[in-house]
Enquirer: 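Structure in structure tokens, see below.
All values reported here derive from a predicted model rather than from experimental measurement. A note on names: the letters A, B, ... follow the listed sequences, proteins ahead of strands, and every chain is numbered from 1. Only heavy atoms go into these numbers, but all of them, side chains included; no hydrogens, no water, no symmetry mates.
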Amino acid sequence: METFFDNLLYILDILLRIITIILPLLIAVAYLTLLERKVMAAMQQRRGPNVVGVYGLLQPLADGLKLLLKETILPTSANTILFLLAPVLTFMLSLISWAVIPLGEDMVFADLNVGVLYLFAVSSLGVYGIIISGWASNSKYAFLGALRSAAQMVSYEVSMGLIIITVLLCAGSLNLIEIVNAQKSIWYVVPLFPCFLMFFISILAETNRAPFDLPEAEAELVAGYNVEYSAMGFALFFLGEYANMILMSSMAVILFLGGWLPIFAIAPLDWIPGVIWFGAKITLVLFGFVWVRAAFPRYRYDQLMRLGWKVFLPLSLAWVILVAGILVGMDWLP
Amino acid sequence: MPHISLLDSYFSILIFLVVSLGLSLVILGLSYLLASQKSDTEKLSAYECGFDPFDDARSTFDVRFYLVAILFIIFDLEVSFLFPWCVTLGQLPLFGFWSMMVFLLILTVGFVYEWQKGALDWE
């Protein structure tokens, strides 16, 4: 007999789980900004933020507070509703993708059998937030920046999709937990190493990170699609971008680096809980993100698009056909 | 405990969606409450390096962006057809593999044509 009370408890349970995902995620995003600044600084032989707290640990709080206390500017020529909708949409999408990410064998908010498809769909929707913000800002810089950013995201999504197909051929299921479990014998980064490299570069381009950050580089397009945003609108875009970075890193970890699995399933490594492994691997990938930003010069826009369409698309398509052919020919299909 | 059906995980995602929407709106509204809002014409005009904006920003834009969008649709549809195929390939006969290869071949011919025509250039 389902009483009202039972249903209420069920919904409260869901809400509690949601908070357990969102709260650590927001803290992680905040400290990712600090990590980036500190690591880039270290790579450039300087210190990074170290004034605000011990080792600069309260810097993200200071940044957040600063953004909170700024005035929200609504440009007169902007479409107010769309202008305010865009950052809300971007931030919302970067949050809801986390619903299907498994942190352990049975630690997932929603165990969808089509988890990968859900992630792919949500990242495709992310382009809307950018286009809406560029259009609604009614400013040439914003509009051009948004168009270029959207075109870039969309170009690299194709190769991302094809690389995901390659991994799915080996794993045999769209369920993220199954994909990780299929890597118990060997992580996919070993046999599919070139795919991992292409995936890593594609997610750099997808999240508009250096060296593919021309649409939002300060010197080039004056921050691109978010030039007209201030205070919390900007904060939402910023949070959304970093949350997206962490999400894409976790996708790379689940698809290639074995999710929560230890390197070898032997005694001392086995005692470390899966969540710690997962977090460590994500941190590794994020370190790679920051490292690439510190090390490489920016790609020019036409070089970036050439890379996406003329190099990655044919290569990832070739990999799909190669892996499919080998698996069918040797009868190694899952 | 209410009975769990296959759709329950989707219901949880709906709740998640509502909560994250609420959170975004709260964050957006916070600065309205906490900061002083003093508007002035200069602050509210669009940014154009210190000058008055020349005219409405919504003028024509390069057709290459449209072309990229169309190409994306084609290849994204190709990827969506690949999704069910790749997870069921183990249960399909060899004919299933080859029919997908024919599909990919047709799309590849289209891709080569685009490339030769210069649709993928300069951008």
Side-chain angles (χ1 to χ4, degrees), chain A residues 2 6-7 10-11 14-15 18 22 68-77 84 87-88 91-92 95-96 99 109-112 117 138-141 143 147 151 154-155 158 161-162 165 168-169 172-174 222 227-228 231-233 235-236 302 305 309-310 313 317 320-321 324 328 333-334, chain B residues 1-3 9-13 15-17 19-21 23-25 27-32 34-39 41 43-49 53-54 56-58 61 64-65 68-69 71-72 75-76 79 82-83 86-87 89-90 94 97 100-101 104 108 111 115 120-123:
Chain A
E2 290 168 32
D6 277 334
N7 284 326
Y10 180 57
I11 295 198
I14 293 182
L15 285 175
I18 292 175
I22 293 188
L68 201 61
L69 297 174
K70 280 193 183 238
E71 178 184 342
T72 305
I73 296 196
L74 291 173
T76 39
S77 44
L84 292 174
V88 167
F91 186 60
M92 200 175 87
L95 280 183
I96 62 173
F109 177 72
D111 190 8
L112 294 184
L117 204 57
N138 205 357
S139 147
K140 287 200 190 56
Y141 287 110
F143 186 50
L147 275 182
V154 132
S155 312
V158 180
L162 287 171
I165 297 284
L168 290 175
L169 275 167
S173 165
L174 289 169
V222 206
V227 67
E228 296 291 345
M232 278 344 232
L236 282 175
D302 59 305
M305 294 300 269
W309 289 102
K310 293 191 179 184
L313 178 53
L317 194 54
V320 169
I321 299 180
V328 167
L333 284 164
Chain B
M1 184 64 181
H3 62 272
S9 44
Y10 290 97
F11 180 67
S12 328
I13 293 187
I15 306 277
F16 202 130
L17 227 130
V19 169
S20 54
L21 179 65
L23 182 67
S24 319
L25 291 173
I27 294 182
L28 196 64
L30 268 180
S31 61
Y32 269 111
L34 290 169
S36 57
Q37 309 282 340
K38 295 194 187 67
S39 57
T41 22
K43 266 201 287 193
L44 293 179
S45 59
Y47 177 73
E48 203 150 323
C49 283
F54 286 99
D56 194 47
R58 292 160 183 176
F61 56 90
R64 281 186 225 127
F65 291 111
V68 167
L71 291 175
F72 165 69
F75 286 98
D76 208 35
V79 171
L82 282 168
F83 270 114
C86 69
V87 296
L89 194 52
L94 199 59
F97 171 74
M100 181 52 85
M101 290 299 122
L104 289 178
T108 307
F111 181 57
W115 191 322
L120 306 172
D121 281 337
W122 312 306
E123 217 241 336

Enquirer: Contact part of B:Met100 toward chain A, heavy-atom cut-off under 4.5 Å: side chain, backbone, both or neither?
Expert: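 Contact with chain A involves no heavy atom of B:Met100 at all.
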Enquirer: Using the side-chain contact (heavy atoms from CB on, under 4.5 Å) rule, take B:Val79 and A:Leu162 through it: C-alpha gap first, then chi angles, then the decisive distance, then the call.
Expert: CA-CA 6 Å; B:Val79 171; A:Leu162 287 171; 3.9 Å; yes
Enquirer: Can you say whether the rings of A:Tyr10 and B:Phe11 are parallel (under 30°), tilted (30 to 60°) or perpendicular (over 60°)?
Expert: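 Rings of A:Tyr10 and B:Phe11: parallel, under 30°.
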Enquirer: Which atoms of A:Leu168 come close to chain B, meaning under 4.5 Å heavy atom to heavy atom: side chain ones, backbone ones, both, or neither?
Expert: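 Its backbone and side chain both get close to chain B.
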Enquirer: State which residues pass side-chain contact (heavy atoms from CB on, under 4.5 Å) with B:Leu71; sequence neighbours excluded, sorted by chain then number.
Expert: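 So B:Leu71 forms a side-chain contact (heavy atoms from CB on, under 4.5 Å) with A:Trp309, B:Glu114, B:Leu120.
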Enquirer: Between B:Leu104 and chain A, which part of the residue has a heavy atom less than 4.5 Å away: side chain, backbone, both or neither?
Expert: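 It is the side chain, since no backbone atom gets that close.
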Enquirer: Pick whichever of A:Ile321, A:Ile18, A:Leu15 has the most heavy-atom pairs under 4.5 Å with chain B.
Expert: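 Most heavy-atom pairs under 4.5 Å with chain B: A:Ile18.
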Enquirer: Below 4.5 Å from any heavy atom of chain A, which atoms of B:Phe97 appear? Answer side chain, backbone, both or neither.
Expert: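 Contact with chain A is through the side chain of B:Phe97 alone.
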Enquirer: Pick one of side chain, backbone, both or neither for A:Ile165, based on which atoms fall under 4.5 Å of a heavy atom in chain B.
Expert: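 Contact with chain B: backbone and side chain both.
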Enquirer: Quick check on A:Ile96 against chain B: is it the side chain, the backbone, both or neither that has a heavy atom closer than 4.5 Å?
Expert: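 For A:Ile96, backbone and side chain are both near chain B.
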Enquirer: Can you see which heavy atom on B:Leu23 is nearest to which on A:Phe91, and at what distance?
Expert: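 Heavy atoms only, the tightest pair is CD2-CE2, 4.1 Å.
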Enquirer: Would you compute the distance between atom CG of A:Leu317 and atom CG of B:Leu82 and round it to the nearest 0.5 angstrom?
Expert: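 A:Leu317 atom CG to B:Leu82 atom CG measures 8.0 Å (nearest 0.5 Å).
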Enquirer: How close do B:Ser9 and A:Ala110 get, heavy atom to heavy atom, and via which atoms?
Expert: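 So the two residues come closest at O-CB, 3.7 Å.
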Enquirer: What closest approach, in Å, do B:Ser20 and A:Met92 show between heavy atoms, and which atom pair accounts for it?
Expert: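 What the structure gives for the nearest pair is OG-CG, 3.5 Å.
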Enquirer: Where do B:Cys86 and A:Leu169 land on the side-chain contact (heavy atoms from CB on, under 4.5 Å) test, with the steps shown first?
Expert: CA-CA 5 Å; B:Cys86 69; A:Leu169 275 167; 3.7 Å; yes
Enquirer: If I measure from the heavy atoms of chain B, does A:Ser155 come under 4.5 Å with its side chain, its backbone, both, or neither?
Expert: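 Contact with chain B: side chain only.
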Enquirer: So which part of A:Val328 gets closer than 4.5 Å to some heavy atom of chain B, the side chain, the backbone, both or neither?
Expert: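 Side chain only.
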Enquirer: Rounded to the nearest 0.5 Å, what separates atom CZ in B:Phe16 from atom CG in A:Leu95?
Expert: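 It comes to 6.0 Å.
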Enquirer: Taking every non-hydrogen pair under 4.5 Å, which of B:Tyr10, B:Phe111, B:Trp115 racks up the most with chain A?
Expert: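 Of the options given, most contacts go to B:Trp115.
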Enquirer: Is B:Phe61 in contact with chain A via its backbone, its side chain, both, or neither, using a 4.5 Å heavy-atom distance?
Expert: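 Just its side chain gets close to chain A.
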Enquirer: Quick one: CG on A:Leu333 to CG on B:Leu89, what's the gap to the nearest 0.5 Å?
Expert: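 That separation rounds to 4.5 Å.
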Enquirer: Counting heavy-atom pairs under 4.5 Å to chain B, which of A:Asp111, A:Leu236, A:Val320 comes out on top?
Expert: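 Looking at each option in turn, the highest pair count goes to A:Leu236.
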Enquirer: How far does CG of A:Leu313 sit from CZ of B:Phe75, to the nearest 0.5 angstrom?
Expert: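 Going from the CG atom of A:Leu313 to the CZ atom of B:Phe75 covers 5.0 Å.
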